[in-house]
Asks: 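Before we start, here is the structure in question, set down as structure tokens.
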Amino acid sequence: MTKSLFIGLASVVALATPGVAMAQTGGEAEPFVGVSAGYHEFDIDDDVDIDGIDSGSPIIGVVAGVDFPLSERIFAGVEANFHLGTDVIDNEYGASARLGFVNPNGSKFYVRGGYQEVDFDIGEIANVDLDDFDDFDDIDTTQGDYLVGIGGDFPVGAGAIRVNVDTISFDSLRGTAGYVLTF
């Protein structure tokens, strides 16, 4: 877990460095924070269907980041997220870089790539109560890999409604929606 946290933090710093340099060349940074909710599904392969095994979870969490204009219509940014799961996911967190364009009404459309770490609830996956088994206490239930996705931010009031569709190493499908406040 410590190694994964270090890798995640190092990724955020590495992704943010070009953005800081761009901000110093005249682009005005656009920070944002917000809430997000959705569903993360891990059984996206039709060939695998095991009765009694749960493979997805509703998630709810927070996002924060900053975008930097590269031109009047193009932007790049970085963001971090943390979500709690209600079923087979205990929690998940990650960081990603964004690259996209802004249309004339202020909506942003982007692609993103980064790293996402997921902490699974093995008991929920197998539909068993693991509280009776002390042997499972030391098992690492986290898994992380690269994240790629697409999304859009649509201006509403002081912020934007956000929608994203992501995958972790093309083994999962995660759809989220939320609201972000921009500063």
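From a predicted model like this one, the values you see are computed outputs, not experimental measurements. Heavy-atom basis, side chains included; hydrogens, waters and symmetry copies ignored.
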Asks: May I ask you to test the V78-V66 pair for a side-chain heavy-atom distance under 4.5 Å?
Replies: yes
Asks: Flag yes if Y179 and V163 sit in one hydrophobic cluster, no otherwise; membership is Ile, Leu, Val, Met, Phe, Trp, Tyr, and two members link when side-chain heavy atoms are under 4.5 Å apart.
Replies: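 Different clusters: Y179 never reaches V163 through Ile, Leu, Val, Met, Phe, Trp or Tyr contacts under 4.5 Å.
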Asks: Could you state whether V156 and L181 fall into the same hydrophobic cluster, counting links through intermediate Ile, Leu, Val, Met, Phe, Trp or Tyr residues with side-chain heavy atoms under 4.5 angstrom apart?
Replies: yes
Asks: Hey, what do you get for CD1 (I168) to CG (L173), rounding to the nearest 0.5 Å?
Replies: 10.5 Å
Asks: Validate the cation-pi geometry between K108 and F101: distance from NZ or CZ to the six-membered ring centre under 6.0 Å, angle to the ring axis within 45°.
Replies: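 No, cation not above the ring by the 6.0 Å, 45° rule.
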Asks: D87 and P58: which non-hydrogen atoms are nearest, and at how many Å?
Replies: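 So the minimum-distance heavy-atom pair works out to CB-CD, 4.2 Å.
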Asks: Do V118 and I89 pass the side chain to side chain contact (heavy atoms under 4.5 Å, CB included) test, and can you show the C-alpha distance, the side-chain angles, and the key distance before you say yes or no?
Replies: CA-CA 7 Å; V118 180; I89 296 174; 4.1 Å; yes
Asks: Does G114 offer a backbone N or O that forms a donor-acceptor pair with the side chain of S96 under 3.5 Å?
Replies: no
Asks: For residues L147 and V88: do they belong to one hydrophobic cluster (side chain heavy atoms under 4.5 Å, members Ile, Leu, Val, Met, Phe, Trp, Tyr)?
Replies: yes
Asks: Report yes or no: do N81 and Q116 form a side-chain donor-acceptor pair below 3.5 Å?
Replies: yes
Asks: Find the distance between NE2 (H83) and CD1 (I60) and round it off to the nearest 0.5 Å.
Replies: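 Rounded to the nearest 0.5 Å, the NE2-CD1 separation comes to 8.5 Å.
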Asks: Apply side chain to side chain contact (heavy atoms under 4.5 Å, CB included) to residues E92 and E117 and explain how you reach the verdict.
Replies: CA-CA 6 Å; E92 63 178 47; E117 185 82 14; over 6 Å; no
Asks: Tell me whether T182 contacts the main-chain N or O of A158 through its side chain, where contact means a donor paired with an acceptor under 3.5 Å.
Replies: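 It does hold such a pair.
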Asks: Going from OH on Y115 to OH on Y146, what distance comes out if it is rounded to the nearest 0.5 angstrom?
Replies: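 Interatomic distance, Y115 OH to Y146 OH, rounded to 0.5 Å: 13.0 Å.
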Asks: Report the distance from atom CG of L99 to atom CD1 of I74, rounding to the nearest 0.5 Å.
Replies: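 L99 atom CG to I74 atom CD1 measures 7.0 Å (nearest 0.5 Å).
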Asks: Describe, in one word, how the ring planes of F120 and F42 are oriented to each other, choosing from parallel (under 30°), tilted (30 to 60°) and perpendicular (over 60°).
Replies: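 Perpendicular: the ring planes of F120 and F42 meet at over 60°.
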Asks: Of the non-hydrogen atoms in S36 and V63, which two are nearest, and what is the gap between them?
Replies: CB-CG1, 4.2 Å
Asks: So how far is it from T176 OG1 to D166 CG, rounded to the nearest 0.5 Å?
Replies: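 Result: 6.0 Å between the selected atoms.
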Asks: Please report the closest heavy-atom contact between N103 and R73, naming both atoms and the distance.
Replies: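 Shortest heavy-atom separation between N103 and R73 comes out as O-NH1, 3.7 Å.
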Asks: Charged N to carboxylate O under 4.0 angstrom, R98 versus E79?
Replies: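 Judged by the 4.0 Å cut-off on N to carboxylate O distance, R98 and E79 do form a salt bridge.
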Asks: So which atom in G77 and which in D67 form the shortest heavy-atom distance, rounded to 0.1 Å?
Replies: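 Answer, listing the atom of G77 first, then D67: CA-OD1, 3.5 Å.
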Asks: Looking only at non-hydrogen atoms, find the nearest pair between T86 and S57 and report the distance.
Replies: N-OG, 3.3 Å
Asks: Could you state the interatomic distance from CG (D171) to CD (E41), rounded to the nearest 0.5 Å?
Replies: 12.0 Å
Asks: Is it the case that N164 and Y110 place a side-chain donor and acceptor less than 3.5 Å from each other?
Replies: yes
Asks: Between F154 and F109, does the ring centroid distance fall short of 6.0 Å?
Replies: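 When the ring centroids of F154 and F109 are compared, they turn out to be within the sub-6.0 Å range.
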